[in-house]
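First up is the structure itself, then whatever we jot down about it.
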Amino acid sequence: ITREIPNSISANDFFHMAVGEENKECPEFFTKWSSFVRDFLRSGFDHPDFHNGNILYREENNTFALVDVYGIRQKHRPDVQKMAKIVREFAAYLPKSRLLALLEGIGIVKPEKFYREMLRYGAKQIRKEFPRRLAQFRNHYEKFVKVQGKMVRTLNGARKPIPLENTIKTEGSPREAQKLREMDFFLNLCNIPRLRIAAFEPPGILYVEKVSDRIPAGAEEDLAERLTLCGEDPKDYFFTADRFGRAVVVPNIFKSEEF
């Protein structure tokens, strides 16, 4: 479409605010999203920039519409595998079981195999781009952070500051604090569930989300697999749960004497 749709929001922003920040299940959203994406993948068209930021969602009637249609072409064999990797954008807050269900819902015949390929492909692309992205992050690029006085706020996937009310303030050496921020940034780009660093204050103060004492059964195996598929060593992390009980990874540096 090329016209404005009233009362709509991108599927990306809806997901990050409703699921990421509020831990809503949103079954109607995911069911209709799966149907919408499946229909497009079967249409014979190829979208060169197929991501959830280019899909608008109206919650009031549970409908979707595709935007940024320039470049869409009908092909004999569209790159369905490439476009189906849109599911990876939901990986930051959903367990493996739900990601596999989404892959099956959009028509992927072998979701388990595709899941592994999807994460490897995403990590490969991120590592290729990471030096440039890291330079942007260090220079306070507005897509990733928001500077408020001395505080540097981390933005979520909807480009909104991560709330501070559910964080704890911790302090370590400036070197370790910066290393943790950059590890957090990498995990974020890879959509690996992590205990988020919500803000930073020089020289070494971090505001980190609170944890809960319950971690879902089987979650540690899921997280270890994700880290491995993304080229990370699971031994460099420990596993816990965020305040909603969602399994997340945490760098071991948080346990070091310098932090």
For Glu182 and Arg138, run salt bridge (Lys or Arg N to Asp or Glu O under 4.0 Å): C-alpha distance rounded to whole Å, both residues' side-chain angles, the deciding distance at 0.1 Å, then the answer. CA-CA 9 Å; Glu182 293 179 3; Arg138 289 170 173 171; 2.8 Å; yes
Determine, step by step, whether Lys96 and Glu225 satisfy the salt bridge (Lys or Arg N to Asp or Glu O under 4.0 Å) criterion, reporting the C-alpha distance in whole Å, the side-chain angles of both residues, the deciding distance to 0.1 Å, and the verdict. CA-CA 10 Å; Lys96 180 180 179 179; Glu225 180 187 33; 2.9 Å; yes
Can you list the steps and then say if Arg98 with Glu25 is a salt bridge (Lys or Arg N to Asp or Glu O under 4.0 Å)? CA-CA 11 Å; Arg98 291 191 66 184; Glu25 290 292 323; 3.3 Å; yes
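Summarising the geometry of Arg246 relative to Gly20, their closest heavy-atom pair is NH2-O, 2.9 Å, with the distance given to 0.1 Å.
Under the 4.0 Å criterion applied to side-chain N and carboxylate O atoms, Arg127 and Glu232 are assigned as salt-bridge partners.
Of the possible donor and acceptor atoms, one in the side chain of Asn54 sits under 3.5 Å from a partner among the backbone N and O of Asp49.
Rounding to the nearest 0.5 Å gives a distance of 14.0 Å between CD of Glu22 and NE2 of His16. Rounding to the nearest 0.5 angstrom, the gap separating the CZ atom in Phe114 from the CG atom in Leu119 is 10.0 Å. With values rounded to the nearest 0.5 angstrom, Glu209 atom CD is found 6.0 Å from Ile162 atom CD1. A distance of 10.0 Å separates CG of Leu206 from CD of Glu201, quoted to the nearest 0.5 Å. Note: Ile55 CD1 to Ile86 CD1 = 4.0 Å, rounded to the nearest 0.5 Å.
When each of Val248, Val250, Leu187, Leu223 is paired with Tyr237, the side-chain contact (heavy atoms from CB on, under 4.5 Å) condition holds for Leu187 and for no other.
Side-chain contact between Tyr57 and Asn62 is present, with heavy atoms from C-beta onward closer than 4.5 Å.
Between Phe64 and Phe29, the distance separating the two ring centers is shorter than 6.0 angstrom. Ring-centre distance between Phe244 and Tyr93: not below the 6.0 Å cut-off. Ring pair Phe14/Trp33: centre-to-centre distance not below 6.0 Å.
Counted by atom type alone, Glu89 and Asn52 present one or more donor-acceptor pairs between their side chains at under 3.5 Å.
Hydrophobic clustering keeps Tyr121 apart from Ile108 (ILVMFWY residues linked when any side-chain heavy atoms are closer than 4.5 Å, directly or through intermediates).
His47 and Phe50 have tilted rings, their planes meeting at an angle from 30° to 60° on a 0 to 90° scale.
Within 6.0 Å of the CD atom in Glu221, the count of heavy atoms belonging to other residues, nucleotides or ligands does not exceed 12.
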